[in-house]
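Worksheet: the structure to be examined is printed underneath.
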Amino acid sequence: MKLSATSLARLKGVHPDLVRVVKRAAELAPVDFVITEGLRALSRQKQLVAAGASQTMNSRHLTGHAIDLAPVIGGRVSWDWPPFFKIAQAMRSAAIAEKVQIRWGGCWDVRLNAMKGSPEGESAGYVQRRRAQKRTAFLDGPHFELPAELYK
């Protein structure tokens with residue numbers, strides 16, 4: 001798959017390591033995807049927090065260390081979960097190939113590169129671990145980021 005001109009424009013201001021991984025994932029993904037957001041303005045972040053679409057004002061998007069990807073099915077952006085797992089698998093393969101550590105919003109507590117099972121299984125495991133901690137799991141399938149402890 002080739003990234004559209006709009007998606008490529010949304011890579012402006014995104015860290016080069018993450019750009020490399022996304023471009024490689026586009027070559028590997030069995031489903032087309034678009035970049036919905038890369039570098040984000042503070043005003044946009046405030047809107048997303050107010051709407052419940054984000055839980056933090058300390059988003060990695062504000063520094064160019066995060067990106068959101070969405071599948072395109074039948075020519076339209078889809079928010080159904082199954083294609084997000086396919087994108088996560090492509091991002092995982094690309095991250096390993098590019099030697100870049102990535103966190104995914106479908107399973108916040110295990111880096112994408114370190115996942116042993118499928119993205120579906122890892123996401124379900126994350127939800128179970130959160131429930132066991134009596135905490136809510138915030139699932140954000142489109143979100144991929146460079147870990148803060150490695151990228152300031």
Side-chain angles (χ1 to χ4, degrees), residues 1-123 126 137-152:
M1 176 197 108
K2 185 177 176 185
L3 291 172
S4 70
T6 300
S7 285
L8 290 171
R10 290 178 179 152
L11 290 172
K12 184 179 181 189
V14 174
H15 192 283
D17 288 354
L18 188 51
V19 170
R20 248 185 18 257
V21 172
V22 170
K23 287 182 176 181
R24 173 73 70 98
E27 297 169 3
L28 300 172
V31 60
D32 288 343
F33 64 80
V34 295
I35 298 165
T36 59
E37 292 201 54
L39 181 64
R40 188 180 288 159
L42 184 59
S43 58
R44 172 74 174 141
Q45 188 63 30
K46 287 178 182 177
Q47 289 174 335
L48 292 170
V49 169
S54 180
Q55 294 187 333
T56 182
M57 285 305 301
N58 194 26
S59 172
R60 303 287 287 150
H61 282 281
L62 296 171
T63 59
H65 291 100
I67 197 155
D68 289 341
L69 307 176
V72 176
I73 309 295
R76 301 181 67 160
V77 170
S78 172
W79 300 106
D80 292 331
W81 264 90
F84 284 106
F85 295 128
K86 293 177 181 180
I87 294 170
Q89 181 58 47
M91 285 291 287
R92 175 183 177 182
S93 297
I96 291 168
E98 295 294 331
K99 297 178 175 53
V100 175
Q101 294 293 313
I102 301 286
R103 285 180 71 205
W104 172 49
C107 180
W108 290 101
D109 61 352
V110 178
R111 287 194 189 148
L112 202 54
N113 315 55
M115 290 181 178
K116 302 292 183 214
S118 68
E120 296 96 319
E122 295 286 348
S123 186
Y126 164 70
F138 178 71
L139 295 172
D140 189 358
H143 185 87
F144 298 88
E145 68 180 35
L146 298 171
E149 59 273 14
L150 299 177
Y151 293 86
K152 302 293 178 200

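Quick note: numbers below take in every heavy atom, side chains included, and nothing from hydrogens, waters or symmetry partners. Each residue takes its place number in the sequence, starting with 1.
- Between the side chain of Thr63 and the main chain of Arg60, a donor-acceptor pair closer than 3.5 Å is present.
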*Start with the C-alpha gap between Glu37 and Arg44, add the side-chain angles, then the distance that decides, and say whether salt bridge (Lys or Arg N to Asp or Glu O under 4.0 Å) holds.*
CA-CA 10 Å; Glu37 292 201 54; Arg44 172 74 174 141; 2.8 Å; yes
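- You'll find the side chain of Ile67 stays beyond 4.5 Å of the side chain of Thr36, heavy atoms only.
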*Full working for salt bridge (Lys or Arg N to Asp or Glu O under 4.0 Å) between Arg111 and Glu145*: CA-CA 10 Å; Arg111 287 194 189 148; Glu145 68 180 35; over 6 Å; no
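- The aromatic rings of Phe138 and Trp108 sit parallel, their planes meeting at an angle under 30°, below the 60° perpendicular limit.
- Taking the six-membered ring where the residue is Trp, Trp104 and Phe144 present parallel rings, their angle staying beneath 30° rather than reaching 60°.
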*Carefully, step by step, assess His61 and Leu39 under the rule side chain to side chain contact (heavy atoms under 4.5 Å, CB included).*
CA-CA 5 Å; His61 282 281; Leu39 181 64; over 6 Å; no
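- In terms of heavy-atom proximity, Ala95 sits nearest to Ile102 at CB-CG1, 3.6 Å.
- Between Val72 and Ser78 there is no side-chain heavy-atom pair separated by less than 4.5 Å.
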*Does the side chain to side chain contact (heavy atoms under 4.5 Å, CB included) test come out yes or no for Gln89 and Leu28, once each step is laid out?*
CA-CA 9 Å; Gln89 181 58 47; Leu28 300 172; over 6 Å; no
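- You'll find the side chain of Val22 reaches within 4.5 Å of the side chain of Phe33, heavy atoms only.
- Checked by atom type and distance alone, the side chain of Arg24 never pairs as donor or acceptor with a backbone atom of Glu98 at under 3.5 Å.
- Here CG of Asn113 is found 5.5 Å from CD1 of Ile96. Values are rounded to the nearest 0.5 Å.
- A distance-only check finds a donor-acceptor pair linking the side chain of Ser7 to the backbone of Ile35 [under 3.5 Å].
- For Ala94 against Ala25, the heavy-atom pair with the smallest separation is CB-N, 3.5 Å.
- Using a 4.5 Å heavy-atom threshold, the side chains of Ile87 and Pro71 count as touching.
- Between the side chain of Glu122 and the main chain of Gly117, a donor-acceptor pair closer than 3.5 Å is present.
- Using a 4.5 Å heavy-atom threshold, the side chains of Leu11 and Lys23 count as touching.
- At distances below 3.5 Å, at least one donor-acceptor pair connects side-chain atoms of Arg92 with backbone N or O atoms of Met115.
- Counting heavy atoms from C-beta on, the side chains of Leu139 and Trp81 come closer than 4.5 Å.
- Using a 30° and 60° split on the angle between ring planes, His65 and Tyr151 fall in the tilted class, from 30° to 60°.
- In this structure, Val49 and Thr56 have side chains that are not in contact, with every pair of non-hydrogen atoms separated by 4.5 Å or more.
- In plain terms, the two heavy atoms of Val31 and Met1 that are nearest each other are O-SD, 4.1 Å.
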*asked:* Evaluate Gln101 against Leu146 for side chain to side chain contact (heavy atoms under 4.5 Å, CB included), listing each step before the verdict.
replied: CA-CA 6 Å; Gln101 294 293 313; Leu146 298 171; over 6 Å; no
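- Ser123 places a side-chain N or O within 3.5 Å of a backbone atom of Gly106 that can act as its donor or acceptor partner.
- Using a 4.0 Å cut-off between a side-chain N of Lys or Arg and a carboxylate O of Asp or Glu, Glu120 and Lys86 do not qualify as a salt bridge.
- A pairwise comparison of heavy atoms in Phe84 and Ala70 identifies CE2-CA, 3.9 Å as the closest pair.
- The residues Asp68 and Arg40 are annotated as salt-bridged, a charged nitrogen and a carboxylate oxygen being separated by less than 4.0 angstrom.
- Distance alone, capped at 3.5 Å, is enough to place a donor-acceptor pair between the Lys152 side chain and the Ala148 backbone.
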*With side chain to side chain contact (heavy atoms under 4.5 Å, CB included) as the test, would you mind laying out the steps for Thr6 and Val34 before giving the verdict?*
CA-CA 8 Å; Thr6 300; Val34 295; over 6 Å; no
